[in-house]
Asks: 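Have a look at the structure that comes next, please.
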Amino acid sequence: MRYSKTYGEFGGSYVPELLQPALDELESAFLDAMKDKSFTDELEYLQKTFIGRPTPLYYAENLTKALGGAKIYFKCEGLAHTGAHKINNAIGQCLLAKRMGKTKVVAETGAGQHGVATASAAAKLGLGCDIYMGAIDVKRQHPNVLTMQMFGANVVSVESGNRGLADAVDEALNYWVKSLKDTHYLLGSAVGPAPFPAIVREFQSVIGKEANKQAKDANLDVAAVIAAVGGGSNAMGIFSGFLDEETVKLIGVEGGGTGDNVGEHAKRLAPNSGAVTGIHHGFKSKFLLDKDGNIEPTHSISAGLDYPGVGPELAYLQQTGRLTMTSARDSEVTDALAFIAKNEGILFALESSHALAELLKVAPTIDKNKAVIVNMSGRGDKDIFITAPIFNKKEWVEFLQNEINS
Ligand SMILES: *Cc1c(COP(=O)(O)O)cnc(C)c1O
């Protein structure tokens with residue numbers, strides 16, 4: 001295991017004094033757990049039986065033929081229980097929380113995907129679960145709220161500030177400070193104060209370990225690995241398995257939204273992002289900030305990619321030249337999603353479709369004997385409320401009206 005609290009100038013822990021002891025406790029519990037075979041054995045058992053690992057490394061034969069370049073492979077995290085990679089981290093941290101003697105987890109969620117994964121993992125492991133969600137997101141993402149409640153979670157609608165993800169983080173942290181004794185804060189991406197980025201990376205590294213082994217077993221000459229980047233957990237998960245193989249190009253894809261103006265995109269590391277180095281939510285990284293240092297609004301068609309900051313390790317890897325960062329516009333993303341669905345019969349999540357948009361650009365430029373791996377961080381079923389109105393608004397509206405009338 002590779003463990004670090006800082007990544008070059010990025011990372012670290014910038015939190016109120018009251019919280020630091022809880023982070024120190026978490027760090028030592030995590031380092032201790034990872035050395036304990038009974039912990040790692042139980043984690044492996046849950047990964048296999050509950051999450052459904054290993055997920056396949058799938059050869060997209062039709063797509064490879066259609067694009068005429070590198071052999072295309074999908075690492076299918078969308079087949080994991082709850083439909084995305086987020087469960088890898090949620091199960092890992094719930095197990096760690098239990099080991100620390102905690103009886104409850106608290107988490108923030110934006111679109112609700114991390115909330116759903118956390119609620120599921122907490123139900124499985126018998127932990128109490130509070131999910132903090134901005135009131136606007138509670139409204140917009142209500143199907144996820146209902147799913148979390150089915151898992152027994154208590155969803156707290158946050159009415160403060162802009163009633164969005166940042167406010168949910170603040171309120172969840174406020175609750176945590178008051179209940180450190182019995183509650184673990186289950187952070188959902190490779191962001192936040194140390195040791196969270198390292199913990200999330202470790203629990204997601206199973207993606208990269210599996211993909212590397214699966215690629216070796218299939219004798220693949222991997223030229224590139226592509227992943228969508230929100231906070232960076234699925235990307236660090238798969239990249240970590242290939243970091244040491246210098247010939248493998250690592251490509252991260254951010255939400256390019258609809259344009260380069262403030263509020264139109266969610267690029268932090270990609271060209272023309274306008275992001276600056278700053279400290280927010282307890283860590284140092286690249287953030288979208290206005291001239292007063294306040295967080296700027298973002299937009300992406302995928303709710304999972306609109307965080308205004310990015311994981312510190314990714315910021316560092318880009319700075320050192322190991323990682324290439326790019327972005328995909330909303331329209332490129334839906335085009336790529338539709339193209340792959342038709343050609344391959346697989347529906348990607350909107351987040352993961354950002355990686356597909358990049359794939360469509362790079363695969364034809366790479367030699368036929370080489371392979372490109374795309375991390376399918378999630379499946380697209382959850383996005384039907386966004387994609388259906390784009391692809392067939394009339395029938396979608398008719399369906400909703402019928403549902404209401406019936
Ligand atoms: C949340 C989410 C992401 C973005 O989060 P990362 O931490 O950057 O991985 C990407 N894909 C899916 C399917 C998600 O649910």
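In listed order, ligands and their atoms are each counted from 1. Keep in mind that this is a model prediction, so the values were computed, not measured. All values below come from the heavy atoms of this structure, side chains included, with hydrogens, waters and symmetry mates left out.
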Asks: Looking only at distance, does Val229 have an N or O less than 3.5 Å from an N or O of ligand 1?
Replies: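 No - when backbone and side-chain N and O of Val229 are compared with those of ligand 1, no distance drops under 3.5 Å.
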Asks: Would you say Asn375 and Ser377 are linked by a side-chain donor-acceptor pair, where the criterion is simply a distance under 3.5 Å?
Replies: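 Absent: no donor and acceptor within the cut-off.
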Asks: List every atom of ligand 1 that sits less than 4.0 Å from any heavy atom of Ser189, numbering the atoms from 1 in the order shown and giving each element.
Replies: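 Ligand 1 atoms under the 4.0 Å threshold to Ser189: 6 (P), 7 (O).
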Asks: Would you mind running through ligand 1 and noting each atom that sits below 4.0 Å from a heavy atom of Gly232?
Replies: 6 (P), 7 (O), 8 (O)
Asks: So if I count the atoms of ligand 1 from 1 in the order they appear, which ones are less than 4.0 Å from some heavy atom of Asn234?
Replies: 6 (P), 8 (O), 9 (O), 10 (C)
Asks: For residues Ile87 and Val116, determine if any side-chain heavy atom of one lies less than 4.5 Å from a side-chain heavy atom of the other.
Replies: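 Side chain of Ile87 against side chain of Val116, heavy atoms only: no contact under 4.5 Å found.
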Asks: Can you tell me which residue and heavy atom of the protein come closest to atom 4 (C) of ligand 1, and the distance to 0.1 Å?
Replies: Gly304 O, 3.3 Å
Asks: Applying a strict 4.0 Å limit to heavy atoms, is His85 in contact with ligand 1?
Replies: yes
Asks: At less than 4.0 angstrom from any non-hydrogen atom of Ser233, what atoms of ligand 1 do you find?
Replies: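 Answer for ligand 1: 6 (P), 7 (O), 8 (O), 9 (O).
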Asks: Do the non-hydrogen side-chain atoms of Leu220 and Tyr59 ever get within less than 4.5 Å of each other?
Replies: no
Asks: Using a 4.0 Å heavy-atom threshold (strictly under), name the region of Lys86 that reaches ligand 1: side chain, backbone, both or neither.
Replies: side chain
Asks: Verify whether one side chain among Gln214 and Tyr73 offers a donor that lies under 3.5 Å from an acceptor in the other.
Replies: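 No, Tyr73 and Gln214 have no side-chain donor paired with an acceptor closer than 3.5 Å.
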Asks: Under a 3.5 Å cutoff, is there a donor and acceptor pairing between the side chains of Asn88 and Gln204?
Replies: yes
Asks: Whether the Lys284 and Thr277 side chains hold a donor-acceptor pair (N or O, under 3.5 Å, no angle test) is what I'd like checked.
Replies: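 Per modelled atom types, Lys284 and Thr277 side chains form no pair under 3.5 Å.
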Asks: I'd like to check Gln318 versus Phe10 (side-chain heavy atoms, cut-off strictly below 4.5 Å). Are they in contact?
Replies: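 Sidechains of Phe10 and Gln318: no contact.
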Asks: Of the choices Gly230, Ser377, Gly378, which has the non-hydrogen atom that lies closest to atom 11 (N) of ligand 1?
Replies: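 Of the listed residues, Ser377 has the closest heavy atom.
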